[in-house]
Colleague: 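Have a look at this one.
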Amino acid sequence: MTDQGTEPDSTDVVVVGGGPSGCAAAVFTARYGLDTVVFDRGNAAFRRCAYLENYLGFPAGIGVDTFTALMHEHVAEVGADYVADMVVSVERPGDDEGTDARESEPDAFDADARRFAVRTQDGRRVEADYVVAAAWYDGDYLRGLDDDDAMFEEHDHHGEVHEHFDSDYADDDGRTPVEGLYVAAPSGDRNAQVGIAAGQGGHVARCLIEDRRRERGFPGDLAAHYDWLRADTEFQGEWGDRDRWREWFESEVPADADLDDERLAELRESYIDRAFDTRRTDHEVETAELRGIRRLVEVIGTERVLDALSDEVLADYLDGRELGGVEQ
């Protein structure tokens, strides 16, 4: 991030909110290759939880602070920026121009064609092409992007009328009438539980990526993106041949796709490149899993992990290590 007073920063995606939905969205967009910034002041509704017991993958639960640290480390691991600052407004810097330029390359991005200017409490100004709202607070920072009567609704609370962002403003996929604006939170009951909120954030991010790919020309179902690593065995035989992938890609192109042959070929090769980039050998998987466990321990804290083990388990482990050393 640049210091206040310098030229405005520019990024592909700004995520407003660093809770489960915001962090999940950031992981998906950053892993796809979009420059992503998460703004979070640490006032997520999730922190009201005393202890998290129903998030899949933690059989006996996990502490809220520990889980938050894991989320934020994951955001950093995939290359997104996490900034402790609150977004106060999202504006349009001008008419959306340069669409043709953005579509000139399958994965290129024209930094001069940003849709939004995001301003923060600490005086930052960041231009972005996409904004993902993922904050539980009232959404006032979005005022002016659309008709306020469409974005906000009134609530009577103990005789006082309050206006809040309408959780039904976005559709179930997080898309809104404002091009480039997506909402992962607030979205009603989909934010009521941490596991569901994280899933909603990831789903909204996938829809954002799909829309971006569609803008760049990917036709039909080929616009969908799946963040999925493939075993090396899936590339054996005919599927290890790029010509087989080309044949499949062309069979998936709708008959009414309005693309010239050159552009279609660019998109096809980009699609196949991404597919082959997901290929992982057994050794690569083993290496990744070992690193994943080590990173988990680093975040939780080595001493905390060791404290959780009984003296007998540690003694047996050390005895085994010594015996192994002798045998070698």
Side-chain angles (χ1 to χ4, degrees), residues 11-30 34-47 71-72 75 80-93 96 114-121 124-153 155 162-192 194 196-212:
T11 191
D12 295 338
V13 181
V14 163
V15 178
V16 184
S21 57
C23 287
V27 166
F28 273 82
T29 58
L34 300 180
D35 292 336
T36 302
V37 178
V38 179
F39 285 110
D40 179 43
R41 193 55 108 179
N43 54 355
F46 165 53
R47 289 187 176 276
M71 288 194 303
H72 293 171
V75 167
D81 292 321
Y82 176 88
V83 181
D85 198 355
M86 180 181 287
V87 170
V88 296
S89 70
V90 179
E91 306 161 353
R92 288 187 180 277
D96 184 20
R114 307 299 187 181
R115 294 185 176 113
F116 302 107
V118 179
R119 298 182 184 275
T120 73
Q121 192 173 61
R124 292 180 172 90
R125 182 181 187 276
V126 180
E127 292 192 359
D129 207 55
Y130 304 96
V131 169
V132 178
W136 68 274
Y137 51 93
D138 61 15
D140 272 352
Y141 63 94
L142 296 173
R143 286 189 182 276
L145 288 179
D146 196 5
D147 180 3
D148 285 352
D149 289 339
M151 297 182 79
F152 296 87
E153 60 181 357
H155 290 273
H162 299 272
E163 200 172 44
H164 297 281
F165 184 82
D166 185 357
S167 61
D168 292 327
Y169 175 70
D171 65 17
D172 289 344
D173 296 325
R175 296 182 173 98
T176 74
V178 179
E179 185 178 8
L181 174 65
Y182 298 79
V183 177
S187 58
D189 288 342
R190 290 184 294 277
N191 299 136
V194 175
I196 300 170
Q200 175 70 4
H203 176 69
V204 170
R206 283 194 64 239
C207 293
L208 182 159
I209 293 167
E210 178 179 339
D211 292 346
R212 178 187 174 91

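Side chains are part of it too, since the values below use all heavy atoms of this structure and drop only hydrogens, waters and symmetry mates.
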Colleague: Would you call Val178 and Phe116 a side-chain contact if the rule is heavy atoms closer than 4.5 Å?
Modeller: yes
Colleague: Does Ser21 use its side chain to pair, donor to acceptor, with the backbone of Ala197 at less than 3.5 Å?
Modeller: no
Colleague: Work out which heavy atom in Val204 is nearest to a heavy atom in Ala184; give both atom names and the distance.
Modeller: CG2-CA, 4.1 Å
Colleague: Quick check: do Glu153 and Asp168 have side-chain heavy atoms less than 4.5 Å from each other?
Modeller: no
Colleague: Side chain to side chain contact (heavy atoms under 4.5 Å, CB included), that's the test. Do Asp172 and Arg190 meet it? Break it down for me.
Modeller: CA-CA 9 Å; Asp172 289 344; Arg190 290 184 294 277; 3.5 Å; yes
Colleague: Name all residues meeting the ring-ring contact (aromatic ring centres under 6.0 Å, His included) criterion together with Phe152; count only those two or more places apart in sequence or in a different chain, and write none if there are none.
Modeller: Phe165
Colleague: For the residue pair Glu163 and Asp148, establish whether any side-chain heavy-atom pair is separated by less than 4.5 Å.
Modeller: no
Colleague: Between Asp173 (side chain) and Arg175 (backbone), is there a donor-acceptor pair under 3.5 Å?
Modeller: no
Colleague: For residues Val87 and Gln121, determine if any side-chain heavy atom of one lies less than 4.5 Å from a side-chain heavy atom of the other.
Modeller: no
Colleague: Between Val132 and Thr29, is there a side-chain heavy-atom distance shorter than 4.5 Å?
Modeller: no
Colleague: Where is the tightest heavy-atom contact between Ala117 and Arg125, given as atom of each residue plus distance?
Modeller: CB-NH2, 3.5 Å
Colleague: I'd like to know if the side chain of His203 reaches the main chain of Gly174, judged simply by a donor and an acceptor atom lying under 3.5 Å from each other, with no hydrogens or angles considered.
Modeller: no
Colleague: What residues form a side chain to side chain contact (heavy atoms under 4.5 Å, CB included) with Ala150, not counting sequence neighbours?
Modeller: Asp146, Asp147, Tyr169
Colleague: Between Asp211 and Tyr130, is there a side-chain donor-acceptor contact under 3.5 Å, judged purely by atom types and distance?
Modeller: no
Colleague: Check the pair Glu91 / Val118 against side chain to side chain contact (heavy atoms under 4.5 Å, CB included), numbers first and verdict last.
Modeller: CA-CA 6 Å; Glu91 306 161 353; Val118 179; over 6 Å; no
Colleague: Considering non-hydrogen atoms only, spot the tightest contact between Arg115 and Pro93 and give its length.
Modeller: O-CD, 3.1 Å
Colleague: Would you say the side chain of Leu145 lies within less than 4.5 Å of the side chain of Leu181, judging by non-hydrogen atoms?
Modeller: yes
Colleague: Walk me through it: do Tyr141 and Val16 pass the test side chain to side chain contact (heavy atoms under 4.5 Å, CB included)?
Modeller: CA-CA 10 Å; Tyr141 63 94; Val16 184; 3.7 Å; yes
Colleague: Of the non-hydrogen atoms in Asp85 and Arg41, which two are nearest, and what is the gap between them?
Modeller: OD1-NH2, 3.5 Å
